[in-house]
There are 2 protein chains.
Amino acid sequence: MPLHQTPPPDYEVERALLRQIGQRITAQRLQILHALRAAERPLTADELAAALHPLPIDPTTIYRVLHFLYEHGLVAQLTPEQGRQRYKYRDPDDLHHHLVCLRCGSDMQIPDESLDTLRETLCARYGFTVKVNHLMIPGLCATCRTQSPCQQTTA
Amino acid sequence: MPLHQTPPPDYEVERALLRQIGQRITAQRLQILHALRAAERPLTADELAAALHPLPIDPTTIYRVLHFLYEHGLVAQLTPEQGRQRYKYRDPDDLHHHLVCLRCGSDMQIPDESLDTLRETLCARYGFTVKVNHLMIPGLCATCRTQSPCQQTTA
DNA sequence: CTTCGTGCAAAAGCTTTGCAATGCG
DNA sequence: CGCATTGCAAAGCTTTTGCACGAAG
């Protein structure tokens with residue numbers, strides 16, 4: 001084998017991921033998963049298309065596979081305030097944060113991806129790179145906030 | 001005056017806001033500002049259009065006025081993960097939060113609206129209503145993170 | 001009176017849907 | 001072999017652009 005960085009893409013990992021969720025293995029899914037895992041930063045649908053040299057994949061399929069992977073928890077979505085939707089690979093078991101209810105004290109864990117958009121915003125606007133695990137976010141849980149549901153309230 | 005809730009809309013406040021930023025006062029700007037201030041929750045462009053009974057305003061103009069107001073800091077944008085862009089009135093002086101640099105300890109203040117999208121996400125997904133002021137977010141500031149700019153890193 | 005803002009029409013951009021052909025298991 | 005998945009074409013929906021008219025200061 002030459003000294004190049006590119007090992008033969010047999011997509012072992014990607015195959016395993018699809019098998020784990022009990023879904024069909026197709027060339028398109030393998031390649032898209034692979035490209036997302038290899039990407040250094042979240043990709044838009046067409047950046048992803050561009051990253052798929054071996055076999056060009058129809059945009060339609062890309063969107064469908066992205067939705068598919070999202071539903072199965074293998075990708076996370078990023079929605080920056082300006083610009084297009086982005087997607088990144090999501091490791092099944094990952095970092096998390098905490099929603100702490102101010103009234104009943106309950107502590108709900110949320111996946112790290114919930115902060116993705118905030119990260120993007122703070123990076124774009126202030127050049128600030130968020131580095132945090134177990135961020136505590138105070139507020140009212142679903143049960144306690146019944147009388148005033150989902151206000152954009154700050155306090 | 002009858003006991004109804006609707007005072008005659010002379011748009012005093014809206015006029016003052018536009019005058020403060022030294023921009024022209026038009027019927028469209030007044031009405032859009034008024035509707036946003038009156039709205040209980042962030043509006044999409046066409047919810048806004050629907051809320052403008054007196055004088056129907058062209059969608060084009062609505063978008064242009066929203067951009068205009070955004071540039072002048074009078075509205076904030078919300079970008080939920082699913083669904084359309086939303087806009088809400090932004091009070092010129094407002095709550096804020098802190099970006100704390102882990103390396104140099106610098107503390108940068110950011111407006112509360114930076115959390116809007118996170119709020120929306122947590123509310124939609126978990127029914128959790130964020131209630132926080134002076135949230136401390138650790139990370140690396142623009143100066144300190146020069147060697148690894150804007151990674152989606154967590155640590 | 002001069003400049004800026006608006007409405008209309010049309011385009012642009014991204015994403016989704018319908019349907020027949022192909023590939024997976 | 002049966003059913004899920006793909007590609008292609010076309011539609012859908014939100015937002016943007018060009019241009020001439022009209023309003024603001």
Side-chain angles (χ1 to χ4, degrees), chain A residues 10-12 14-36 42-72 74-75 77-87, chain B residues 10-12 14-36 42-72 74-75 77-87:
Chain A
D10 48 4
Y11 303 119
E12 304 167 13
E14 290 79 5
R15 273 176 209 282
L17 287 166
L18 288 173
R19 212 172 289 121
Q20 270 178 42
I21 61 176
Q23 297 296 323
R24 287 199 178 173
I25 295 171
T26 72
Q28 290 85 345
R29 289 178 179 173
L30 290 176
Q31 279 196 237
I32 289 176
L33 256 180
H34 182 75
L36 286 172
L43 302 176
T44 61
D46 57 319
E47 284 170 354
L48 182 54
L52 299 169
H53 302 112
L55 156 64
I57 301 182
D58 191 278
T60 310
T61 302
I62 293 186
Y63 284 110
R64 277 191 287 223
V65 172
L66 285 173
H67 291 174
F68 166 85
L69 293 174
Y70 179 73
E71 284 178 3
H72 291 278
L74 288 178
V75 306
Q77 291 184 28
L78 247 121
T79 310
E81 294 209 357
Q82 310 256 22
R84 309 176 43 190
Q85 195 92 342
R86 290 179 176 279
Y87 303 85
Chain B
D10 47 4
Y11 301 120
E12 303 168 15
E14 289 79 5
R15 275 175 208 282
L17 287 167
L18 289 173
R19 213 172 288 120
Q20 270 177 42
I21 61 175
Q23 296 295 325
R24 286 197 178 174
I25 294 170
T26 73
Q28 289 85 346
R29 289 178 180 174
L30 290 176
Q31 278 195 239
I32 289 176
L33 256 179
H34 182 73
L36 287 172
L43 301 177
T44 61
D46 57 318
E47 284 170 354
L48 183 53
L52 299 168
H53 302 113
L55 155 66
I57 300 182
D58 191 277
T60 310
T61 302
I62 292 186
Y63 284 110
R64 276 191 288 225
V65 171
L66 284 173
H67 291 175
F68 165 85
L69 293 174
Y70 179 75
E71 284 179 3
H72 291 279
L74 289 177
V75 306
Q77 292 185 28
L78 246 122
T79 310
E81 294 209 359
Q82 309 255 24
R84 309 175 45 190
Q85 194 91 345
R86 290 180 177 278
Y87 303 85

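Sequence lines set the chain letters: A, B, ... in the order given, protein chains first and strands last, and positions in each chain run from 1. Keep in mind it's a predicted model, so treat the numbers as computed, not measured.
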Donor/acceptor link under 3.5 angstrom from B/R24 side chain onto base of C/dT3: yes
Quick check: on DNA chain D, is the nucleotide nearest A/P56 upstream (toward 5') of the one nearest B/A27, or the reverse? Name the residue that is more 5'. A/P56
Would you say the side-chain atoms of B/R19 pair up with the backbone N or O of B/I25, donor to acceptor, closer than 3.5 Å? no
Closest to the side chain of B/T60, out of D/dG25, D/dT17, D/dT14, is D/dT17
What nucleotide among C/dA9, C/dT16, C/dG5 has an atom nearest to a side-chain atom of A/H67? C/dT16
What distance separates B/I62 CD1 from B/T44 OG1, expressed to the nearest 0.5 Å? 9.5 Å
Expressed as a whole number of angstroms, how long is the span from A/I62:CD1 to D/dC8:P? 12 Å
note: B/Q23, atom CD; C/dT6, atom P; distance rounded to Å ~ 11 Å
Side chain of A/V65, heavy atoms from C-beta onward: which of D/dT6, C/dC8, D/dT5 has the nearest atom to it? D/dT6
By nearest nucleotide on DNA chain D, pick out whichever of B/Y87 and B/T26 is the more 5' one. B/Y87
First locate atom NE2 of B/H67, then atom OH of B/Y87, and finally report the distance between them rounded to the nearest 0.5 Å. 4.5 Å
Counting heavy atoms from C-beta on, name the nucleotide in C/dG7, D/dT16, D/dT6 closest to the side chain of B/D58. C/dG7
Any side-chain N or O of B/Q28 less than 4.0 Å from the OP1 or OP2 oxygen of C/dG7? yes
Picking from C/dG5, D/dG7, D/dT17, the nucleotide nearest the side-chain atoms of B/R64 would be D/dT17
